[in-house]
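Single-structure report; data block below.
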There are 2 protein chains.
Amino acid sequence: MALKYSRQREAIKEFLMATKEHPTADTVYMTVRKEFPNISLGTVYRNLSLLADIGEITRLRLGDGTDHFDGCTAPHYHFICMNCGSVSDLETDSLDSINEIAGKKFDGLIDGHVTYFYGKCANCHKKS
Amino acid sequence: MALKYSRQREAIKEFLMATKEHPTADTVYMTVRKEFPNISLGTVYRNLSLLADIGEITRLRLGDGTDHFDGCTAPHYHFICMNCGSVSDLETDSLDSINEIAGKKFDGLIDGHVTYFYGKCANCHKKS
DNA sequence: AGCAATAACAGTAATCGTTACTGATTTTGA
DNA sequence: TCAAAATCAGTAACGATTACTGTTATTGCT
C-alpha cells in the first residue's frame with residue numbers, strides 16, 4: 001500500500017513542524033483550513049494518525065480527553081499548566097533511570113515510561 | 001448539598017476496594033449489576049466521578065481512551081502490559097525528585113507529575 | 001503525454017466513552 | 001411520619017474519533 005504524496009498531509013506536517021504549540025486535531029483542522037478551505041476533518045485525523053504511526057510526529061495523550069500532536073519526535077518531556085491549559089516542552093536530563101527504580105520489585109519487564117509534569121507555567125506564575 | 005448515603009455508591013466503592021484490578025467504568029457497571037440488576041450506567045459514572053472528586057478513589061488516565069479506577073488512594077505508580085493490557089501496581093520508591101530535575105531549566109512552577117510504566121507483565125514475560 | 005491502478009480525498013454517517021436531563025424513588029433530619 | 005432534597009433509572013445528547021462511499025489526485029508504465 002505504497003504511501004502516496006498528498007498536499008493535505010504535507011500541509012499538516014509543515015504546520016506541526018513550525019509551531020511550538022501542541023495542537024489538537026481540531027486546531028490543526030482550523031489552521032490547515034486556511035490553505036485548504038474544504039479539507040475534511042476526517043482527512044486531518046487520518047493523516048495525524050498516519051504520521052504518528054510512521055514516526056514523523058508524536059501523539060500526546062495528556063489525559064485531558066483530546067489528543068495533542070507534536071511535530072518534534074526527539075524524546076523530551078512535557079509540561080501542562082493547570083491554570084491556562086497550555087502545553088510546553090521541558091528541557092530535561094533523561095529520566096530513564098526511573099525505569100530501573102520502578103523495576104526493582106517487579107517481576108515483568110519495563111520497557112519505558114510516559115511522564116508529564118503539571119503546575120503553573122511561567123506566564124501564569126508571574127501573575128500570582 | 002449534603003452527601004446522602006446510597007447503596008449503589010457503596011457497592012461501587014466496595015468493589016473497587018476489594019479488587020486488585022484497575023477496572024473501567026464499564027467493568028464496574030458489569031460487576032455491580034450482579035447485585036443491582038437495574039443500576040444505570042449513568043449512576044456508575046456519576047458515582048465514580050463523585051468518589052474520585054472527594055478523594056475516596058483514584059481516577060487513572062492511562063491514555064488508552066478510557067478511564068480506569070483504583071480503590072487505593074495511597075500514592076503509587078502503575079504498570080501497563082503492552083501485551084495483554086493489564087494494569088498493575090508498582091511498589092516503588094518515591095520519584096518526586098524528578099520534579100526538581102524537570103524544573104531546573106523551567107521558569108514556571110512544577111507541582112507534580114503523572115507517570116506510568118509500560119512493558120511486559122510477569123505473566124506475558126514468562127511465555128516468551 | 002496518456003492511461004489504468006489505487007491511494008487519498010471530501011462529505012457524511014456511525015461509534016464510543018462520557019455527561020446531562022427528567023420524572024420517579026430513597027434517604028435524612030425534624 | 002413527613003416533607004425537602006439527594007439519588008436514582010432510563011434515555012437523550014455530547015464531543016472526539018473512526019468508518020464508509022463515491023469522487024479526485026498521484027503514480028508508474030507505456
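Below, chains carry the letters A, B, ... as their sequence lines are ordered, and counting in each starts from 1.
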Taking atom CG of A:Asn99 and atom OG of A:Ser94, what is their separation to the nearest 0.5 Å?
-> 8.5 Å

Does CE in A:Met82 sit with more than 12 non-hydrogen atoms of other residues, nucleotides or ligands closer than 6.0 Å?
-> yes

Counting heavy atoms not belonging to A:Gln8, are there more than 12 under 6.0 Å from its CD?
-> yes

Any A:His113 side-chain heavy atom under 4.5 Å of A:Leu95 side chain | yes

Residue pair B:Asp93 / A:Lys104, side-chain heavy-atom distance below 4.5 Å | yes

Is a donor-acceptor pair below 3.5 Å formed from side chain B:Thr66 to base C:dG17, judging by atom type as modelled?
-> no

Against [X], only a single residue in [options] fulfils side chain to side chain contact (heavy atoms under 4.5 Å, CB included); can you say which?
| X | options | value |
| --- | --- | --- |
| B:Pro23 | B:Leu48, B:Val87, B:Leu16 | B:Leu16 |
| B:Ile57 | B:Asp70, B:Leu51, B:Ile12 | B:Leu51 |
| A:Tyr116 | A:Leu60, A:Leu90, A:Ile80 | A:Ile80 |

Mind calculating the distance between [atom1] ([X]) and [atom2] ([N]) to the nearest angstrom?
| X | N | atom1 | atom2 | answer |
| --- | --- | --- | --- | --- |
| B:Arg61 | D:dA16 | CZ | C1' | 14 Å |
| A:Arg33 | C:dC9 | CZ | C1' | 16 Å |
| A:Leu62 | D:dA16 | CG | P | 14 Å |
| B:Asn38 | C:dA24 | CG | C1' | 13 Å |
| A:Glu35 | C:dC9 | CD | C1' | 15 Å |
| A:Glu10 | C:dA7 | CD | C1' | 16 Å |
| B:Ile12 | D:dC8 | CD1 | C1' | 11 Å |

Backbone N/O of [Y] and side chain of [X]: donor-acceptor pair under 3.5 Å:
| X | Y | answer |
| --- | --- | --- |
| A:Arg9 | A:Lys4 | yes |
| A:Arg61 | B:Gly65 | no |
| A:Tyr77 | A:Thr92 | no |

Would you list the protein and nucleotides 26-30 of chain D atom pairs, both N or O, that sit under 3.5 Å from each other?
{"residue": "D:dT26", "atom": "OP1", "partner": "A:Arg7", "partner atom": "NE", "Å": "2.9"}
{"residue": "D:dT26", "atom": "OP2", "partner": "A:Arg7", "partner atom": "NH2", "Å": "3.4"}
{"residue": "D:dT26", "atom": "O2", "partner": "A:Lys4", "partner atom": "NZ", "Å": "3.1"}
{"residue": "D:dT27", "atom": "OP1", "partner": "A:Tyr5", "partner atom": "N", "Å": "3.4"}

Within residues 13-29 of chain B, residues whose heavy atoms come under 4.0 Å of DNA chain D = none

Which of residues 41-54 of chain B have a heavy atom under 4.0 Å from DNA chain D?
-> B:Thr43, B:Arg46, B:Asn47

Heteroatom pairs (N/O) under 3.5 angstrom, protein to nucleotides 21-24 of chain D:
none

Cut-off 3.5 Å, side chains only: do A:His22 and A:Asp89 have a donor facing an acceptor?
-> yes

Decide side chain to side chain contact (heavy atoms under 4.5 Å, CB included) for B:Ile98 and A:Phe117; before the verdict, give the C-alpha distance in whole Å, the side-chain angles of both, and the deciding distance to 0.1 Å.
-> CA-CA 9 Å; B:Ile98 65 175; A:Phe117 297 86; 3.8 Å; yes

Would you kindly compare A:Ser40 and A:Arg9 by the position of their nearest DNA chain C nucleotide and give the one closer to the 5′ end?
-> A:Arg9

Rounded to 10°, tell me the angle between the two end axes of the helix from C:dA1-D:dT30 to C:dA30-D:dT1, each built from five pairs.
-> 30°

Look at the side-chain N and O atoms of A:Gln8 and state whether any lies under 4.0 Å from the OP1 or OP2 oxygen of D:dA25.
-> no

For A:Thr115, what residues pass the side-chain hydrogen bond (donor to acceptor under 3.5 Å, both in side chains) criterion, not counting sequence neighbours?
-> B:Thr115

Candidate pair A:His125 and A:Cys81, rule side chain to side chain contact (heavy atoms under 4.5 Å, CB included), full reasoning | CA-CA 10 Å; A:His125 190 40; A:Cys81 178; over 6 Å; no

Check step by step if side chain to side chain contact (heavy atoms under 4.5 Å, CB included) holds for B:Cys72 and B:Lys20.
-> CA-CA 9 Å; B:Cys72 172; B:Lys20 296 296 270 178; over 6 Å; no

